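Before any comments, here is the structure.
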Amino acid sequence: MPEGNILHRIARVHGQWLVGRSFTADSPQGRFSAGARHLSGRRLVSVDAHGKHLFHLFEGGVRLHLHLGLFGHLRHFRSRAPPPSAACRLRLASPQVTLHLAGPQACELLGPEEEAQLRSRLGQDPLRPDASPSRAFEALRRGRIPLAAALLDQERIAGVGNILRAEALFLARLPPLRPASELRLADFERLWEALRLLMEDAARDGRIVTPHAPPAPWETPGKRREDRFSVYDRAGQPCPRCATPISRVTLAGRGLFFCPGCQTPHGHTASVARRKVMEHAPKT
DNA sequence: CAAAAATGCTGAC
DNA sequence: TCAGCCTTTTTGT
């Protein structure tokens, strides 16, 4: 379910509503009972997101590491919470706020050096204020794999998932299958900026919505899922920018969506040139 | 009801 | 590269 923007959103919500409170913890599902006992009664000191990982620091130096994986789900309740589902791995309850965690890939207590080691393996996170774009540029260009594959490698850039990859490459007009080592600085700068914009909007609004402009005549208004994206999960449908049918290829076992019409090696300059020609064309 | 799929990651070939 | 993890939602009988 979540890409990095969702984790940052959760961290912000927890920072506002959970930090400073003490919680009773338990594990209805049972697989985190020992950890929950250790957390119970402690005050939450801080919350931090890095990529798709969440780090909660409780008083006494107790560190909780969460990763939602593909299925993980967090629910928040004010005042009265419903009974937890049988799959609820961790419940944190206070008089004002209750949290239910189900299906996480990771829910564990870490020592300080374990946490540091984990964090040191994560790449630059576009949503973190301490992110270094030049280090991200370096990391992306290492090795000889397609740019689209490098973007999902959390040790190069942290927080990008399959949707953000597709939408950011589309916004930056970059061909996803070109070797990452051939990425030029100007292309990277467009890509980084697209990631930052998409992720910041999505962290604030709670969902990824791409500003695909202009509104195309073949698009019908609606709230169905596919309307939120320009290329992700839209194989065969017309590109909102150039109307070429969107492609889907399988790369490293996962679907990659892109527009073969305008995500071309020099798609950016080519389309700018085309627009200039249009501007100077005689009016009809 | 059952089945399938999903924005992720790991460990074993 | 593939199965497995594990939950929720959507789709199909």
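This is a predicted model, so every value here is computed, not measured.
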- Message: Just N and O in the side chain of A/Lys52: are any of them under 4.0 Å from OP1 or OP2 of B/dC9?
- Response: yes
Go through [options] for me and flag the one nearest to the [X] side chain.
X        : options             : answer
A/Tyr232 : B/dT7, C/dT8, B/dC9 : B/dT7
A/Gln105 : C/dT8, B/dC9, B/dT7 : B/dC9
A/Ile163 : C/dT7, B/dT7, C/dT9 : B/dT7
A/Arg75  : C/dT8, C/dT7, B/dC9 : C/dT8
A/His67  : B/dC9, B/dT7, C/dT8 : B/dC9

Rounded to the nearest angstrom, tell me the gap between atom [atom1] in [X] and atom [atom2] in [N].
X        : N     : atom1 : atom2 : result
A/Leu68  : B/dC9 : CG    : P     : 11 Å
A/Arg165 : B/dC9 : CZ    : C1'   : 14 Å
A/Leu195 : B/dT7 : CG    : C1'   : 14 Å
A/Leu70  : C/dG4 : CG    : C1'   : 12 Å
A/Asp233 : B/dT7 : CG    : P     : 8 Å
A/Arg89  : C/dC5 : CZ    : C1'   : 10 Å
A/His73  : B/dA6 : NE2   : C1'   : 13 Å
A/His8   : B/dT7 : NE2   : P     : 20 Å

- Task: Could you give the distance separating C/dT8 and B/dT10 at their P atoms, to the nearest angstrom?
- Result: 22 Å
- Quick one: do the A/Asp48 and A/His56 side chains pair a donor with an acceptor below 3.5 Å? no
- Grab the two heavy atoms, one from A/Val97 and one from A/Trp17, that are nearest each other, plus how far apart they are.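 Answer, listing the atom of A/Val97 first, then A/Trp17: CG2-O, 3.8 Å.
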- Item | Greater than 12 external heavy atoms within 6.0 Å of A/His65's NE2 |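 Counting other residues, nucleotides and ligands, NE2 of A/His65 exceeds 12 neighbours.
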- Task: Go through the steps to decide whether A/Glu193 and A/Arg196 satisfy the test salt bridge (charged side-chain N to carboxylate O under 4.0 Å, His left out), and finish with yes or no.
- Result: CA-CA 5 Å; A/Glu193 190 58 19; A/Arg196 274 195 38 235; 2.9 Å; yes
- With the 4.5 Å side-chain cut-off for hydrophobic clustering, are A/Leu164 and A/Phe137 part of the same group? yes
